[in-house]
There are 2 protein chains.
Amino acid sequence: MINYTDILREHNLKATPQRLAITNELYTKGHVSIESLYELMVKKFNSISLATIYKNINLMQKNSFIQEVKIPQAKSVYELTKASHSHLACTKCLGVEDITIDLNVIIDTITKTSSFKIDSANLVVSGICKNCQRS
Amino acid sequence: MINYTDILREHNLKATPQRLAITNELYTKGHVSIESLYELMVKKFNSISLATIYKNINLMQKNSFIQEVKIPQAKSVYELTKASHSHLACTKCLGVEDITIDLNVIIDTITKTSSFKIDSANLVVSGICKNCQRS
DNA sequence: TATTAAATGATAAAAATTATCATTTGAATT
DNA sequence: AATTCAAATGATAATTTTTATCATTTAATA
Ligand SMILES: [Mn+2]
Ligand SMILES: [Mn+2]
Ligand SMILES: [Zn+2]
Ligand SMILES: [Zn+2]
């Protein structure tokens with residue numbers, strides 16, 4: 001269990017209980033949607049406002065503290081920003097897993113064959129996760 | 001200029017003027033957002049309903065006639081379904097270009113190293129397009 | 001041309017997101 | 001420890017986005 005107090009402050013964000021709870025949830029769950037994050041927070045705070053969730057998600061995104069992951073045919077999930085990686089999205093349980101794949105070959109190919117100046121590459125692979133395959 | 005009348009009917013969709021206009025717009029523009037599609041349609045039909053846009057987009061998506069492309073930090077665009085391909089998204093002009101990249105090596109790698117059963121892979125590369133680089 | 005299921009347009013309703021603002025609070029300062 | 005104050009929260013209104021409803025129209029078939 002990481003303490004995000006200092007890390008929040010480094011991003012010029014006050015370490016409020018709500019933010020610490022949000023970051024902890026993102027840390028433990030990995031990838032969380034807005035609605036499930038809100039449900040989780042309501043359990044911890046008798047009266048957290050949905051606006052607080054949105055305001056923090058947006059603010060932390062601006063500060064590159066967290067990132068949105070857009071999944072085809074499903075709701076977005078959010079995660080703590082970490083080293084660049086790709087995602088496996090299960091179409092059955094809607095779970096999202098991290099996977100580290102070297103996309104440099106692809107990036108190089110695009111750079112050589114097009115005039116596009118690449119900033120980042122986002123890969124989402126959809127399918128059935130290990131757990132959902134048996135059933 | 002392709003005539004989509006028969007293609008729509010093959011998908012069990014009536015070839016209404018609105019649908020023909022939508023498909024033509026997707027064909028000529030390539031990738032269009034809901035709001036710009038609506039603006040374009042309003043020019044052609046004095047009183048097309050936004051609901052008609054949504055209903056058609058959703059229906060045609062179910063029939064795999066068109067597809068949604070989710071772009072990081074930007075609104076989704078829609079395109080006519082065609083051979084699997086990836087996308088270059090310009091963060092400046094918000095334009096989206098097609099690019100054909102062989103993702104089989106990556107898919108094979110994932111298949112070998114994980115227990116994930118892959119259905120599809122979606123790659124969106126963000127950066128600055130050729131046009132936007134000069135300015 | 002008549003028939004009919006499907007599509008459209010108008011609009012209400014619902015869902016998602018943002019804005020506003022009085023109150024509270026974290027963190028720095030004394 | 002008490003004071004200060006910008007920032008954050010919560011309540012809620014407003015806005016935006018998307019879906020539902022339904023009377024009317026229309027594409028397709030006969
Ligand atoms: Mn991730
Ligand atoms: Mn495309
Ligand atoms: Zn699963
Ligand atoms: Zn551009």
Side-chain angles (χ1 to χ4, degrees), chain A residues 3-25 32-63 65-78 94, chain B residues 3-25 32-63 65-78 94:
Chain A
N3 186 295
Y4 280 96
T5 304
D6 294 336
I7 306 176
L8 280 167
R9 287 181 187 153
E10 282 166 18
H11 285 81
N12 299 312
L13 298 172
K14 286 189 179 177
T16 66
Q18 292 86 347
R19 279 179 188 159
L20 289 170
I22 289 172
T23 49
N24 264 314
E25 213 55 64
V32 191
S33 69
I34 289 273
E35 66 171 354
S36 60
L37 182 60
Y38 179 58
E39 286 167 18
L40 290 161
M41 288 303 107
V42 167
K43 288 176 187 168
K44 296 190 178 179
F45 302 88
N46 53 340
S47 69
I48 192 172
S49 175
L50 181 56
T52 299
I53 304 289
Y54 275 107
K55 279 182 280 197
N56 277 318
I57 287 290
N58 289 339
L59 194 58
M60 292 161 109
Q61 230 185 319
K62 271 183 196 157
N63 293 348
F65 187 66
I66 67 172
Q67 274 181 304
E68 180 181 6
V69 182
K70 291 193 175 184
I71 312 287
Q73 330 283 15
K75 288 183 180 172
S76 288
V77 293
Y78 296 83
L94 303 182
Chain B
N3 184 295
Y4 279 97
T5 305
D6 296 335
I7 305 176
L8 280 167
R9 289 179 186 155
E10 282 165 20
H11 285 79
N12 299 313
L13 298 172
K14 285 187 179 178
T16 65
Q18 292 84 348
R19 279 180 187 157
L20 289 170
I22 290 172
T23 49
N24 263 315
E25 213 56 64
V32 190
S33 70
I34 289 275
E35 65 172 354
S36 61
L37 181 60
Y38 179 58
E39 285 167 19
L40 290 161
M41 288 303 107
V42 166
K43 287 176 187 167
K44 297 190 178 179
F45 301 88
N46 52 341
S47 69
I48 192 172
S49 175
L50 181 56
T52 298
I53 304 288
Y54 275 107
K55 280 183 280 196
N56 278 318
I57 287 291
N58 289 339
L59 194 58
M60 292 160 110
Q61 230 185 320
K62 273 182 193 157
N63 294 348
F65 188 66
I66 67 172
Q67 275 181 303
E68 181 181 5
V69 182
K70 291 193 175 186
I71 312 288
Q73 330 283 15
K75 288 184 180 170
S76 289
V77 293
Y78 297 83
L94 303 181

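Letters A, B, ... mirror the listed sequences (proteins, then strands); counts begin at 1. As a basis for the values below, the full set of heavy atoms in this structure was taken, side chains included, without hydrogen atoms, waters or symmetry mates.
Remark: P of D:dT9 and CE of A:Met41 are 12 Å apart, rounded to the nearest angstrom. Rounded to whole Å, atom C1' of D:dT9 lies 15 Å from atom CG of A:Leu8. A straight line from CD of A:Gln61 to C1' of C:dT17 spans 13 Å, rounded to a whole angstrom. Regarding A:His11, its NE2 atom lies at a distance of 17 Å from the P atom of D:dA7, rounded to whole Å. Rounded to whole Å, atom P of C:dT11 lies 16 Å from atom CD1 of B:Ile48. Distance, B:Asn12 CG to D:dA27 P: 18 Å, rounded to whole Å. Whole-Å rounding puts the B:Ile57 CD1 to D:dT18 C1' distance at 13 Å. A:Lys70 has its NZ atom 16 Å from the P atom of C:dA16, to the nearest Å.
Within the 4.0 Å cut-off from OP1 or OP2 of C:dA7, not a single side-chain nitrogen or oxygen of B:Asn56 is found. The phosphate of C:dA6 has neither OP1 nor OP2 within less than 4.0 Å of any side-chain N or O from B:Lys55. Residue B:Gln18 places no side-chain N or O under 4.0 Å from the OP1 or OP2 atom of D:dT26. In terms of phosphate contacts, A:Thr52 brings no side-chain nitrogen or oxygen within less than 4.0 Å of OP1 or OP2 of D:dA8. Contact between the side-chain N/O atoms of A:Thr16 and the OP1/OP2 oxygens of D:dT9 is found at a separation under 4.0 Å. Checking the phosphate oxygens (OP1, OP2) of C:dT17, no side-chain nitrogen or oxygen of A:Asn58 falls inside 4.0 Å.
When each of B:Lys14 and B:Ser47 is assigned the nucleotide of DNA chain C with its nearest heavy atom, B:Lys14 is the one assigned upstream, toward the 5' end. Heavy-atom distances to DNA chain D give each of B:Leu13 and B:Ala51 a nearest nucleotide, and the one nearer the 5′ end belongs to B:Ala51. Nearest-nucleotide positions on DNA chain D place B:Ile34 closer to the 5' end than the other of B:Ala15 and B:Ile34. When the nearest nucleotides of DNA chain C are assigned to B:Leu50 and B:Arg19 by heavy-atom distance, the more 5′-ward of the two goes with B:Arg19.
In the set D:dT18, C:dT18, D:dA8, the nucleotide with an atom closest to the side chain of B:Tyr54 is D:dT18.
A side-chain donor-acceptor contact under 3.5 Å links B:Glu68 and B:Ser76.
For B:Arg9 (side chain) and B:Ala15 (main-chain N/O), no donor-acceptor pair under 3.5 Å exists by modelled atom type. Checked by atom type and distance alone, the side chain of B:Lys70 pairs as donor or acceptor with a backbone atom of A:Ala74 at under 3.5 Å. In this structure, B:Asn63 contributes its side chain and B:Phe65 its backbone to no donor-acceptor pair below 3.5 Å.
Smallest separation of non-hydrogen atoms from A:Glu25 and A:Val32: O-CG2, 4.2 Å.
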